[in-house]
Amino acid sequence: MKKRNLPGPTEVKMKGKFMKSISKVMIILTALLVITGCGKKSPDEQLSKFIDEHVQKVKPLFREMGLASWQAANSGKEEDYEKASELELKIRRIYSDSKDFAFLKKIKEEGNVKDPLLSRQLDELYNGYLENQIDAKLMERIVELSTKIEKDFSTFRGSIEGEKVTDNQIREILKTETDSVKRKAAWEASKQVGQAIAKDVTELVKLRNEAAKKVGFENYHTMRLSLGEQDVKEIDRIFGELYDLTNAPFLLLKFELDDILAKKYGADMTELMPWHYHDPFFQETPLVYELDLDGFYKDKDVKELATKFYTGIGLPIDSILARSDLYEREGKNPHAFCTDIDKEGDIRILCNLKNNEQWMETILHESGHGVYDLYQDPKVPYLLREPAHIFTTEAIAMMFGRLSRDAGWMGDMMGLTDEQEAEIAKVSGKYAQLKQLIFARWAMVMYNFEKELYANPEQDLNKLWWDMVEKYQFVNRPADRDQPDWAAKIHIATVPCYYHNYALGELLASQLHNKIVTDILKEREASYVGHKEIGEYLKENVFEAGAVYRWNEMIKRATGEELTAKYFVAQFVK
Ligand SMILES: [Zn+2]
């Protein structure tokens, strides 16, 4: 208990008298200052005024841009895309204003802002402006080069014995072919694009580093993370924990998998090579464990299932679905996304629904993003009325998306028999374990490679890549291979230093799941279906907090711990 020092009666009296004369002096001084024009506003007042004016400018533009992008994704028309990118440019122009940035920088460096909410908005604004302070000419070169790489990548066709092949043909061979020589040829064809674009990608990396150095960072990787309020040491620690905790289990699981693959391809287990793993980067599970759940969904309506489920957990999504565009149409974007148009409840989902497991997962996933946006607290300032981080909204989406293959969930939602549930559980448990572990180890390759790449783009990158693949994925390096296989992963060029967020999202999804089953439902094996407490918990602890707290602070408040890999491991390593 802390003692409070209350002033005694005489002290109060004295103070009262003293204060009176002080305030008289103050009034005179203030009047003088106002007259002479030296009136200085406090940092809080100055910042608050800046924010008001800034929000007034950007709020309608963000809304307009949201609507234009939505229109473009639905129509596929060139002019709609143009309108959206014009609006984006308009917004970027606001954030590139160097005078505004100088003001924010000064106020941030002085560190005198007292109100924590203002301070958080300052962080957001500062990062938003900083990103746009890069010299316009340099920025232009970066955009041009990355556009060129993207185009070269998408038009490139690898070849097998002189015959051009498409990406789909390569994947088909890697899925079905049993002859190792043919598999090898297909895998090599998948890497040829790397050889075609590697020089440009290295050049792009150097330009990005140049830009980052100009705004005060060690390199581009450090800058990207820092702009996303992530500290390299902090992410290293989480990835280090994930590495340690998954090392032995992954080795065991991979041993089991290698045994199956070796038998299938008539090879010795020690001779298995990268082309034996179905996916060219071994980022997905080889198709050796059957899991076809489409049969359960084909006579159901996935939209109705999602609506019923979210209503049941106290997070109705009817208002989102009413504004959404859910079915296939000519010219429409074939993928799926969720967008918050105005931070005031206009949230929409784009899907191309079919009644199968993949689209069940997708609508659960996108609606997860949707409820995070929909159940924000309208009293939170506009700039902070958004998820704490891109990966925290990804986590909510993933946590709900995982349910489409969850035996308990499927049973409760579709009234399956105990036998059916048991049958699903048998394969889906194993499948989820493989899928998650394989992905986690692959994400380690990407995170650590990009970190090293930007730290020193002059090093032997071809060797670095295979060092990483061997270390994290336990995949053999083909003898004497000296090719830029890393450049064949287009994310390195087009979505730089972002990949780790997918892994962080999976970790948080498991951490939240653990919290829900242990503290909210108080039953490990409980299904989420019909539990309104889940919605209550998420609203109060995750959604309504918006970006008021930095992501790790929000996670600590919501789960009692900062982000950790241990619940992911507990969920998927059996
Ligand atoms: Zn998502």
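Start at 1 and go down the list; that is how both ligands and their atoms are numbered. Here the structure is a predicted model, which is why all the values come from computation and not from measurement.
Protein N/O/S atoms found under 2.8 Å from the Zn ion (ligand 1): His365 NE2, His369 NE2, Glu394 OE2.
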After noting the C-alpha distance and the side-chain angles of Arg405 and Glu361, does the key distance pass the salt bridge (Lys or Arg N to Asp or Glu O under 4.0 Å) rule?
CA-CA 8 Å; Arg405 292 177 303 267; Glu361 179 191 3; 3.3 Å; yes
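Side chains of Glu241 and Thr564: a donor-acceptor N/O pair is present below 3.5 angstrom, by distance only. Counted by atom type alone, Tyr528 and Asp406 present zero donor-acceptor pairs between their side chains at under 3.5 Å.
For the side chain to side chain donor-acceptor pair (under 3.5 Å) criterion with Tyr277, the lone passing option out of Lys254, Gln473, Glu284, Gln283 is Lys254.
Aromatic pair Trp442/Phe281: centroids less than 6.0 angstrom apart.
A donor-acceptor pair under 3.5 Å is formed between the side chain of Arg550 and the backbone N or O of Glu229.
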